[in-house]
Amino acid sequence: MTPEHLHKLIVAVADAVIAHADELTELDQAIGDGDHGVNMRRGFEAVRADAAATAEKPLPDALKAIGTQLVMKVGGASGPLYGTLFLALGKTIAPDASNIAAAFAAAVQAVEARGKSHPGQKTLLDVLAPVQAALADGGPHLPARLPIVAAAAADATVPMLATRGRASFLGERSIGHMDPGARSSALMIASLCRALEELDLG
Amino acid sequence: MTPEHLHKLIVAVADAVIAHADELTELDQAIGDGDHGVNMRRGFEAVRADAAATAEKPLPDALKAIGTQLVMKVGGASGPLYGTLFLALGKTIAPDASNIAAAFAAAVQAVEARGKSHPGQKTLLDVLAPVQAALADGGPHLPARLPIVAAAAADATVPMLATRGRASFLGERSIGHMDPGARSSALMIASLCRALEELDLG
Amino acid sequence: MKRLMNAVDTLLDESLDGLAAAHADILELGAERKFVRRKVLTPGKVALISGGGAGHEPLHAGFVGAGMLDAACPGQVFTSPTPDQMVAAIEAVDTGAGCLLIVKNYEGDVMNFEMAGELAVADGRTVETVVTNDDVAVPKSTWSTGRRGVAGTLVVEKIVGAAAEQLAPLEALRDLGREVNERTRSFGVALTPCTVPAAGKPTFTLAPDEMEVGVGIHGEPGRRRSKLASADAIADEMLGAILDDLAAPAGSQCLLLVNGFGGTPLMELYLMVNAARRILAGRGMTATRYLTGSLVTSLDMAGCSITVTALDERLTRLWDAPVKTAALSW
Amino acid sequence: MKRLMNAVDTLLDESLDGLAAAHADILELGAERKFVRRKVLTPGKVALISGGGAGHEPLHAGFVGAGMLDAACPGQVFTSPTPDQMVAAIEAVDTGAGCLLIVKNYEGDVMNFEMAGELAVADGRTVETVVTNDDVAVPKSTWSTGRRGVAGTLVVEKIVGAAAEQLAPLEALRDLGREVNERTRSFGVALTPCTVPAAGKPTFTLAPDEMEVGVGIHGEPGRRRSKLASADAIADEMLGAILDDLAAPAGSQCLLLVNGFGGTPLMELYLMVNAARRILAGRGMTATRYLTGSLVTSLDMAGCSITVTALDERLTRLWDAPVKTAALSW
Ligand SMILES: Nc1ncnc2c1ncn2[C@@H]1O[C@H](COP(=O)(O)OP(=O)(O)O)[C@@H](O)[C@H]1O
Ligand SMILES: Nc1ncnc2c1ncn2[C@@H]1O[C@H](COP(=O)(O)OP(=O)(O)O)[C@@H](O)[C@H]1O
Ligand SMILES: [Mg+2]
Ligand SMILES: [Mg+2]
Ligand SMILES: [Mg+2]
Ligand SMILES: [Mg+2]
């Protein structure tokens, strides 16, 4: 992966998050405190601003740099969680990304540890975990299939009862709304996969 | 005047004020602080509650008792002013009310002294003063004429610029509204005169 | 109107009972709740008494205590208390050194305190009065009611209260109160109206993008209604009016009081502090003392007032003197 | 949304600058406004650090000063601050006796403070944490996020702050903090929603005759929405939930904190104090200490929370110990 390629990927993900910030905030207004989009935009604007410099680094260092920026800029619950995701990815991934499935599995583990949470609690893990499983299963056309997995997984959070995150304070009233973090995870995965397809590196 | 007569007069005035409390409050919301009706109702409910006992007293003492009640219960600007009016009336009036014109003139004087005000400033004095003048002029059918004088005088406060009372804080914006105190004075005079006519003592 | 209350008629009484329970170490209620008084009086000290309509809490009862008021008479919401309340308060807290009445310039307050003062004097007491009129939104005038007394009243109460604690005599306190009032100017802006509970609907209406510039603490309309502006622009207009009128020499030190009207978050008040101190500096003045909070309120009205008092060394010392009341304590 | 502000992006910074200017005798800002710290540190004293999203002012920065916090990290409105802020604060105020982090139980706050703690420990520092979770509107649970930390946090900060001032060691302070949290319960009711400035519209909507029962301090929906009730009925439900859960023995003494959410007049808060103390008495409890004010707020939300802490002699003494911060001072 060249710096140009990496730059395109970073910008694609950042732009997708920024473009959907209002939607994320609206989801968070329904069952949270109405700032998920604001938080994510703040973080990904910082990531985007540094994208050129970040893309010059080897992949592990680039991922760690993004993770650090998210930790420092996003705040809220999603900051440490997405920050941990990228930091852990950076820690285990090979410079050529050859071990992506294993690295992603380790990163999702790290998020679970940070959040003291697991899939089924109506959080971003309900998207990250099935995506990780699909990645582990492998097979052809992953960049085309993963966004579908992610979107379906995000939709599947709608009927769930939240037991982690602010939505858990709502009890039964959390049912019937999509989890904002699940939606932002699905967004990031979709934009990353689309960019990979465009680069034809998939 | 028998205690029964006096009782009827007190009740008539009190009922009129109480019945129009909301209207007075609305006038005060436009150019004051929106409590004139509330204040006056509080005062005249107390007056009404004691009306039987008050009516047993000689006229001067009855008027002083009403004045004291208004001072103690109404509060705001109108409390001391109407209180002073009745206290001063009680001080100078003859038990048979024969000197009513002179007593009323002295009472209006006392109100001016208390308020450091004079007619023309868009206050209750703009009703009390012309009524006092009409009373001094004398002539037939006073109970029928005074309410008309009072109502016209209250209407005449609409185009005035307030220079006393809360409305004065509005400057030019006080123009175009009837003064609440002018309206309550007109009300009291009208209800008193109507009751006098009904008693046929006028 | 949404209120935490049981009934309009008992709102004030219940609130006073809560105040008295919560601050039983500092204050207590007079009979029939006619006044709130200090628990412990200092014999030989001039008694400071204020009062006014409710709805401006913590003013005045929240300022009863060591270093400030001896008694406060609460009226109904936005309605002056009555002379019997003031006479009862005077009788309760006058230890023989005389009473100073601190009265906001509203005809209702002025006349009711005047009647009370007359009764007390007739009873052989010594009474002096300071009328505060710090609101520059209204033109000063001798032929009309003139300016309203607003948040600056608290500055008068604090500084005179400190001097009274040092056993200054009545006339000196009266003169000090007038001097502090002379050195004090205020200006208010409302973003939303307030609702008098007994009336049940807002005293005025403002469009979602409007503000009332020069508003009074009863929600009285001000100088003009205008489009909601930035905090900096609002502070500019407020301090412009204040400082033009105060005409303190450049280099002056001052107290900056940013006061919330009841419905405005503290976060915004501190933002206004920041805007105000920059403007003051631009006019060659230094804020050497600050007070920030919702202290002279208008029920649930959103907005704030700014008050500036030109300080000298003596006033600064009196401002710094200890105070222990429900609402101010240092 | 009507706000006294210049721009959403600078709201927090400008407000912090105003706070720092107004209370320069007590506190100062860290570099890049990452934290608010005490002006003067006590060597050998455990450093107390808290923080959380803005919009709850005066919590937490208003509680920085002698007898309470050493530093507070402000996040954006309703958003946890980030680990770099907390690490910077730890580095600034740790005098070697260790740091106690006081964290409200929200996953964001908990995780960010946790990451900061890990970084500080990796750096050779000693760090302990107290997580507050006093809000009984949410069921307690080990398998989910559990209860929110709300106004009771200020009680923990005050009492632990007093003990820290007496140079109690880190573990003892951590245990004390957990004990106070265990003895504390809160419950909130909103009459109006709040509006996050960056979002620009209310977090939820309430009909003119509705209230949100069990609301959180971010305007999170609570137990249920219902018709606006009388103050007595509201206090009944609030204290019912609090006391059933607290299960303090009859005859217990307690602290009663009636806290406004930002848009509620003090007059109503004192009325709630009055209602609450009667209900407490009816359950055989006595409020021996009171605190009333808008201290743990939710921007401009109208409504209030009630907090009860079961006191003993030691906690009462620590509560009474002197404190000198921007928002609490005695
Ligand atoms: N313990 C947790 N584990 C996993 N995800 C979580 C956890 N807590 C919260 N989240 C995720 O974080 C999202 C909310 O993020 P955000 O709104 O930015 O933070 P906050 O809740 O602090 O305001 C939720 O929608 C959820 O997906
Ligand atoms: N100085 C004054 N002289 C005569 N009348 C006055 C004066 N000040 C006020 N008023 C009268 O009092 C009325 C307002 O009474 P009210 O609303 O009960 O008291 P407040 O203004 O204190 O709220 C005004 O409409 C006016 O007629
Ligand atoms: Mg959120
Ligand atoms: Mg009025
Ligand atoms: Mg009034
Ligand atoms: Mg948040």
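Protein chains get the first letters and strands the later ones, always in sequence-line order, with residue 1 at the start of each.
C/Met115 contributes atom CE, which lies 6.0 Å from atom CG of B/Leu87 (distance to the nearest 0.5 angstrom). In this structure, the separation between CG on B/Asp35 and CZ on C/Phe78 is 9.0 Å, given to the nearest 0.5 Å. The CE atom of C/Met111 sits 7.0 Å away from atom OG of B/Ser117, with the distance rounded to the nearest 0.5 Å.
Contacts between C/Asn105 and chain B at a heavy-atom distance below 4.5 Å involve the backbone alone (N, CA, C, O). Residue B/Asn39 touches chain C through its side chain alone, counting heavy-atom pairs closer than 4.5 Å. Residue B/Lys73 touches chain C through its backbone alone, counting heavy-atom pairs closer than 4.5 Å. Interface remark: C/Val77 contributes backbone atoms only to the contact with chain B (heavy atom separation under 4.5 Å).
Note on B/Ala167, B/Gly75, B/Pro80: by heavy-atom pairs under 4.5 Å with chain C, the leading option is B/Pro80. Highest contact tally toward chain C, considering only B/Gly165, B/Gly83, B/Gly79, is held by B/Gly165 [criterion: heavy-atom pairs under 4.5 Å]. Per-residue counts of heavy-atom pairs under 4.5 Å with chain C were compared for B/Leu81, B/Thr25, B/Val74; the largest is that of B/Leu81. Annotation: maximal heavy-atom pairing with chain B below 4.5 Å, among C/Pro202, C/Gly108, C/Gly75, C/Gly52, occurs at C/Gly108. Interface summary for chain C: among B/Asp22, B/Val71, B/Val38, the most heavy-atom pairs under 4.5 angstrom belong to B/Val71.
Within the 4.5 Å cutoff, the side chain of C/Glu114 has heavy atoms near those of the B/Arg114 side chain. Contact check for B/Gln29 versus C/Lys201: side-chain heavy atoms found under the 4.5 Å cut-off.
With hydrogens and angles disregarded, a donor-acceptor distance shorter than 3.5 Å links the side chain of C/Asn112 to the backbone of B/Gly76.
Within residues 79-91 of chain C, the residues that have a heavy atom under 4.5 Å from a heavy atom of chain B are C/Thr79, C/Ser80, C/Thr82, C/Pro83, C/Asp84, listed by number. Among residues 169-183 of chain B, the residues having any heavy atom closer than 4.5 Å to a heavy atom of chain C are, in sequence order, B/Phe169, B/Leu170, B/Arg173.
Counting heavy atoms of neighbouring residues, nucleotides and ligands inside a 6.0 Å radius, atom NZ of B/Lys8 does not exceed 12 of them.
C/Phe35 pairs by the ring-ring contact (aromatic ring centres under 6.0 Å, His included) definition with nothing, not counting sequence neighbours.
Using a 4.0 Å cut-off between a side-chain N of Lys or Arg and a carboxylate O of Asp or Glu, C/Glu107 and B/Arg164 qualify as a salt bridge.
For the side chain to side chain donor-acceptor pair (under 3.5 Å) condition, the pairs that include at least one residue of residues 82-93 of chain B, sequence neighbours left out, are B/Tyr82-B/Ser184, B/Tyr82-B/Ser185.
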